[in-house]
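Below is one structure; the comments refer to it alone.
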Amino acid sequence: MFFSSRRWSPLNQRRWANFKANRRGFWSLWLFLAVFAFTLGAEFVANDHPLVVKFDGHYYFPVFKSYPETAFGGEFQTEARYRDPYVRQLIDSRGWMVWPLIPYSYDTINYDLPQPAPSPPTRADWLGTDDEGRDVLARIIYGFRISVLFGLTLTALSSVVGIAAGAVQGYFGGLTDLMMQRFIEIWGGMPVLFLLIIMASLVQPNFWWLLALMLLFSWMSLVHVVRAEFLRARNFDYVRAAKALGATDIAIMRRHVLPNAMVATLTFLPFVLNSAITTLTALDFLGFGLPPGSPSLGELLNQGKNNLQAPWLGISAFCILAFMLTTLIFIGEAVRDAFDPRKAAGKN
């Protein structure tokens, strides 16, 4: 098994035992992973294209490939609109379709609402629709996925830059440390959210552009932790011995000092992830985030603010954000306990 203790060192076994001892964080991890895995297959759960179509004895898979209407006996060469009653009748007369659990994508507009949008929850729209007639649950599924993927990508890139900068500062010290520390103090003193808003207003934002903008500032959150660890460890006996044996500075930093610094760094990563998701949500809420029409939790919150007569919008967005951020905080607390050398295995 993956978690077999025989494959782990005694130190890692103790850390895993401490992590499991924090029941709140342990179950939060599995619950978060279950929901995230569910949203990774969003196209198979919420889509306005059928999963499988059987027509005239042939099988079609619209989720993976686009088919023209003429393939099902229609008149147009454009892609078939499977929710169109005419196309449905064509397929049902000579075959069948298997629909996803939620027959709407994040951008599908439902024109058959019982009342003007935003409409309340019904059997067809479990969490209702937004002010443009799009299914709220479908947008939450896609929005959860893009928020977590954005946060994970930003956390990974920020960790690389922040750990590298902190390692250089702490290991070399002296003038290098002084100059970089003054730069970080100046750079970190800038109003980050306002700068992101200004930059995002100058260009058409998208996933990668927002990622690059936020990376300019998010890497600083780990610098001080790594710097402190390298400053503490650079004069240890094993580091001096490695220098005496002729090891290069890069080799010493990577093989001897960095593993010790990573213990403190790993405890901060869930909180960096939380911060990245919160910042993206704030930008989307203010209208400076992802492009209009993108599945965004912040945009759903904004719709809830603008449509107080439709409480299901704000409540749905609040609940999914509360779940996401709370589970990540609990996971971060469990990771902190796992790497705390003062905690005995199996005790909080």
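Bear in mind that the values here come from a model prediction, so they are computed numbers and not experimental data.
Comment: Glu185 engages Arg182 in a salt bridge, judged by a side-chain N to carboxylate O separation of less than 4.0 angstrom. Between Asp177 and Arg227, at least one side-chain nitrogen of the basic residue sits less than 4.0 Å from a carboxylate oxygen of the acidic one, meeting the salt-bridge criterion. Salt bridge absent: Glu333 and Arg23 never bring a charged side-chain N and a carboxylate O closer than 4.0 Å. Under the 4.0 Å criterion applied to side-chain N and carboxylate O atoms, Asp48 and Arg83 are not assigned as salt-bridge partners.
The two residues Phe61 and Tyr67 come nearest to each other via the heavy atoms N-OH, 3.2 Å. For Ile331 against Gly25, the heavy-atom pair with the smallest separation is CG1-O, 3.9 Å. The minimum heavy-atom distance between Gly166 and Val226, with the atom names listed, is C-CG1, 3.8 Å. Scanning both residues, Ser147 and Ile277, for their nearest heavy atoms gives O-CG1, 3.6 Å. The minimum heavy-atom distance between Met214 and Ala276, with the atom names listed, is CE-O, 3.8 Å. Between Gly289 and Asp284 the shortest heavy-atom distance is CA-OD1, 3.0 Å.
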Please lay out, stage by stage, how Leu269 and Ser159 fare under the test side chain to side chain contact (heavy atoms under 4.5 Å, CB included). CA-CA 8 Å; Leu269 292 185; Ser159 300; 3.2 Å; yes
Please walk me through it: do Leu211 and Trp208 pass side chain to side chain contact (heavy atoms under 4.5 Å, CB included)? CA-CA 5 Å; Leu211 188 69; Trp208 299 107; 3.6 Å; yes
Show the numbers, then the answer: is there a side chain to side chain contact (heavy atoms under 4.5 Å, CB included) between Met97 and His49? CA-CA 10 Å; Met97 294 184 288; His49 287 56; over 6 Å; no
Criterion side chain to side chain contact (heavy atoms under 4.5 Å, CB included) on Ser158 and Leu222, from CA distance to verdict: CA-CA 8 Å; Ser158 301; Leu222 293 175; 5.7 Å; no
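There is no path of hydrophobic side-chain contacts, each under 4.5 Å, that joins Ile186 to Val168. In the hydrophobic cluster analysis, where Ile, Leu, Val, Met, Phe, Trp and Tyr join through side-chain heavy atoms closer than 4.5 angstrom, Phe150 is grouped together with Leu40. No continuous path of ILVMFWY side-chain contacts below 4.5 Å connects Leu328 to Phe318, so the two sit in separate hydrophobic clusters. Under the 4.5 Å side-chain contact rule for hydrophobic residues, Ile102 and Tyr106 do not share a cluster. When hydrophobic clusters are built by joining Ile, Leu, Val, Met, Phe, Trp and Tyr residues whose side-chain heavy atoms come closer than 4.5 Å, directly or via intermediates, Phe230 is grouped together with Ile184.
Cluster partners of Leu113 are absent, since no Ile, Leu, Val, Met, Phe, Trp or Tyr has side-chain heavy atoms less than 4.5 Å from it.
Looking at Glu229 and His224, their side chains never bring a donor and an acceptor atom within 3.5 Å of each other. For Gln77 and Glu69, the side-chain atoms include no donor-acceptor pair closer than 3.5 Å. Side chains of Tyr104 and Asn110: a donor-acceptor N/O pair is present below 3.5 angstrom, by distance only. In the model, Asp337 has no side-chain atom that pairs as donor or acceptor with a side-chain atom of Asn18 under 3.5 Å. Inspection of the Ser28 and Thr327 side chains reveals no N or O donor paired with an N or O acceptor under 3.5 Å.
For Arg81, the CZ atom sits in a loose shell: 12 or fewer heavy atoms of surrounding residues, nucleotides or ligands are nearer than 6.0 Å. Counted within 6.0 Å of CG on Asp237, heavy atoms from surrounding residues, nucleotides or ligands total 12 or fewer; the atom is thus considered open.
Formation of a donor-acceptor pair under 3.5 Å by the Ser93 side chain with backbone atoms of Leu90 is found in this model. When atom types are taken as modelled, the side chain of Asp125 and the backbone of Leu127 share no donor-acceptor pair closer than 3.5 angstrom. Judged purely by atom type and a 3.5 angstrom limit, Ser294 has no side-chain atom pairing as donor or acceptor with the backbone of Ser296. In this structure a side-chain-to-backbone donor-acceptor pair under 3.5 Å is missing from Asn307 to Gln309. Side chain of Thr129 to main chain of Ser119: a donor-acceptor pair is present (N/O by atom type, distance under 3.5 Å, no hydrogens or angles). The main-chain N or O of Ser105 is found under 3.5 Å from a side-chain atom of Thr108 such that the two form a donor-acceptor pair.
Side-chain contact between Tyr142 and Glu43 is present, with heavy atoms from C-beta onward closer than 4.5 Å. Between Pro118 and Trp312 the shortest side-chain heavy-atom distance falls below 4.5 Å. In this structure the side chain of Lys305 never reaches within 4.5 angstrom of the side chain of Leu313, judged on heavy atoms. In this structure, the side chains of Gln169 and Phe172 stay at 4.5 Å or more apart for every pair of heavy atoms. At least one side-chain heavy atom of Trp30 sits under 4.5 Å from a side-chain heavy atom of Leu33. Side-chain contact between Leu51 and Trp99 is absent, with no heavy-atom pair separated by less than 4.5 Å. Contact check for Arg139 versus Glu299: side-chain heavy atoms found under the 4.5 Å cut-off. Within the 4.5 Å cutoff, the side chain of Thr70 has no heavy atoms near those of the Phe76 side chain.
Here the CG-CE distance, from Asn274 to Met324, works out to 9.0 Å after rounding to the nearest 0.5 Å. Atom CZ of Phe38 is separated from atom CD1 of Ile141 by 4.5 Å, given to the nearest 0.5 angstrom. Here CD1 of Ile146 is found 7.5 Å from CG of Leu280. Values are rounded to the nearest 0.5 Å. The CG atom of Asp130 lies 9.0 Å from the CG atom of Asp135; values are rounded to the nearest 0.5 Å. Once rounded to the nearest 0.5 Å, the distance linking CD1 of Ile91 with OH of Tyr86 reads 11.0 Å. Once rounded to the nearest 0.5 Å, the distance linking CE of Met253 with CZ of Arg255 reads 13.5 Å.
Taking the six-membered ring for Trp and thresholds of 30 and 60 degrees, Phe32 and Phe144 have ring planes inclined between 30 and 60 degrees apart. Ring geometry for Trp187 versus Phe183: interplanar angle under 30°, hence parallel rather than tilted (30 to 60°). Under the 30°/60° scheme for interplanar angles, the aromatic rings of Phe268 and Phe271 are found to stand perpendicular.
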Can you give me every donor-acceptor pair (side chain of residues 241-252, partner residue at least two apart or in another chain, under 3.5 Å) with its distance?
residue, atom, partner, partner atom, Å
Thr248, OG1, Ala251, N, 3.2
Asp249, OD1, Tyr171, OH, 2.9

